[in-house]
Amino acid sequence: TMADSTLMADTTMTIRVVLDTERARTLNSDGNTLTEAGSFEEALARFDAALVADSTFAPAMYGRALSLGQLGRLEEAQATYMETIAASQADALANVRRASQRNLQAVETAIAQRDSALAANAVIEADNARIATQSAAIEAATAALAEFPVSAENAQIAYDELERAR
């Protein structure tokens with residue numbers, strides 16, 4: 001059904017918001033079908049359209065958050081799950097709220113794991129750069145010592161390179 005709500009912005013202006021809940025339900029159903037088929041981009045578009053029709057329709061918020069998570073857009077999914085939880089406080093929406101709370105925890109865990117992996121990767125990259133620098137210094141020292149007899153100048157170069165590698 002089409003629901004009207006009128007908001008008073010101030011004493012001189014009235015803003016009329018029209019919520020088309022039936023259209024939101026239809027678009028949400030389409031989004032759910034696309035989600036089940038693994039078409040998350042298309043599903044996201046349907047859930048967004050449902051929310052244009054009725055910005056308070058919690059099941060579409062949930063579907064939107066689920067699609068965002070599946071697309072790897074974790075921070076957006078996290079924010080949308082929080083919005084869904086806030087919007088689904090009515091008893092009739094308890095299942096949406098519980099599912100959103102459960103999925104919010106999963107998204108927050110995924111964000112933490114991703115951030116941890118990125119930090120570990122940064123450490124590995126720094127170690128690899130250090131090792132590459134040390135290897136280059138050792139190769140330069142080896143090259144300086146390759147001639148026989150080794151000159152004092154080449155011995156000093158080798159020493160300096162090995163000190164740099166330390």
Side-chain angles (χ1 to χ4, degrees), residues 24-89 93-166:
R25 283 186 211 287
T26 300
L27 290 164
N28 185 67
S29 179
D30 293 347
N32 288 335
T33 300
L34 289 164
T35 297
E36 289 170 9
S39 300
F40 301 111
E41 284 286 349
E42 293 176 49
L44 179 59
R46 293 301 192 299
F47 294 127
D48 284 343
L51 291 168
V52 168
D54 182 348
S55 62
T56 66
F57 195 63
M61 291 178 197
Y62 174 80
R64 181 176 196 280
L66 187 65
S67 293
L68 288 166
Q70 290 297 319
L71 292 168
R73 295 163 57 180
L74 300 178
E75 284 77 10
E76 290 175 85
Q78 180 183 34
T80 305
Y81 278 126
M82 289 193 283
E83 290 171 21
T84 305
I85 292 165
S88 62
Q89 292 305 311
L93 298 171
N95 60 335
V96 172
R97 183 176 57 254
R98 282 191 301 275
S100 294
Q101 289 167 334
R102 186 175 49 254
N103 288 353
L104 175 59
Q105 289 175 343
V107 165
E108 288 173 341
T109 298
I111 289 171
Q113 289 172 340
R114 182 205 56 205
D115 291 347
S116 178
L118 289 173
N121 191 51
V123 169
I124 290 168
E125 287 178 3
D127 284 347
N128 286 343
R130 181 181 50 77
I131 290 167
T133 300
Q134 289 173 332
S135 294
I138 290 168
E139 287 177 22
T142 301
L145 296 173
E147 296 178 18
F148 191 77
V150 176
S151 67
E153 180 182 344
N154 283 351
Q156 185 61 50
I157 290 171
Y159 177 80
D160 292 342
E161 290 294 336
L162 291 174
E163 283 296 313
R164 189 170 64 101
R166 201 187 319 191

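None of these values were measured; they are calculated from a predicted model.
Of all the heavy atoms in N154 and A144, the pair that sits closest is CB-O, 3.1 Å. Nearest heavy atom pair, residue L93 against residue A87, reads CD1-O, 3.9 Å. Summarising the geometry of A65 relative to A77, their closest heavy-atom pair is O-CB, 3.5 Å, with the distance given to 0.1 Å. Closest non-hydrogen pair, E147 versus V150, comes out as O-CG2, 3.3 Å. Between L74 and I111, the shortest heavy-atom contact is CB-CG1, 3.5 Å. Nearest heavy-atom pair across A58 and V96 is O-CG1, 4.0 Å.
How far CG of L34 is from CZ of F47: 8.0 Å, rounded to the nearest 0.5 Å. Once rounded to the nearest 0.5 Å, the distance linking CZ of R114 with OG of S116 reads 11.5 Å. Between the CD atom in Q70 and the CG atom in L44 there is a gap of 12.0 Å [rounded to 0.5 Å]. To the nearest 0.5 Å, atom CZ of residue F57 and atom CZ of residue R25 are 5.0 Å apart. Annotation: the span from N28 atom CG to M61 atom CE amounts to 11.0 Å, rounded to 0.5 Å. Of the inter-residue distances, the one linking N128 atom CG with T133 atom OG1 reads 10.5 Å to the nearest 0.5 angstrom.
By the neighbour-count criterion of 12 heavy atoms within 6.0 Å, atom CD of E153 is sparsely surrounded, having that number or fewer from other residues, nucleotides or ligands.
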Requested in this report: In sequence, state the C-alpha distance, the side-chain angles, and the governing distance for L68 and F40, and then conclude on side chain to side chain contact (heavy atoms under 4.5 Å, CB included).
Outcome: CA-CA 8 Å; L68 288 166; F40 301 111; over 6 Å; no
Query raised in the report: Under the side-chain hydrogen bond (donor to acceptor under 3.5 Å, both in side chains) criterion, do N121 and E125 qualify, and how do the steps go?
Result: CA-CA 6 Å; N121 191 51; E125 287 178 3; 3.1 Å; yes
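Proximity of a side-chain donor or acceptor of R46 to a complementary backbone N or O of D30 within less than 3.5 Å is not detected. Side-chain atoms of E161 never come within 3.5 Å of backbone atoms of A141 as a donor-acceptor pair (strictly under, hydrogens ignored). At distances below 3.5 Å, at least one donor-acceptor pair connects side-chain atoms of T84 with backbone N or O atoms of T80. Between the S39 side chain and the T35 main chain, no donor and acceptor come within less than 3.5 Å of each other. Judged by distance alone, with hydrogens and angles left aside, the side-chain atoms of S55 form no donor-acceptor pair with the main-chain N or O of L51 at under 3.5 Å.
Between the side chains of Q156 and D160, at least one donor-acceptor pair of N or O atoms lies under 3.5 Å.
Residue Q78 forms a side chain to side chain donor-acceptor pair (under 3.5 Å) with just one option from E83, E108, R73, and that option is E108.
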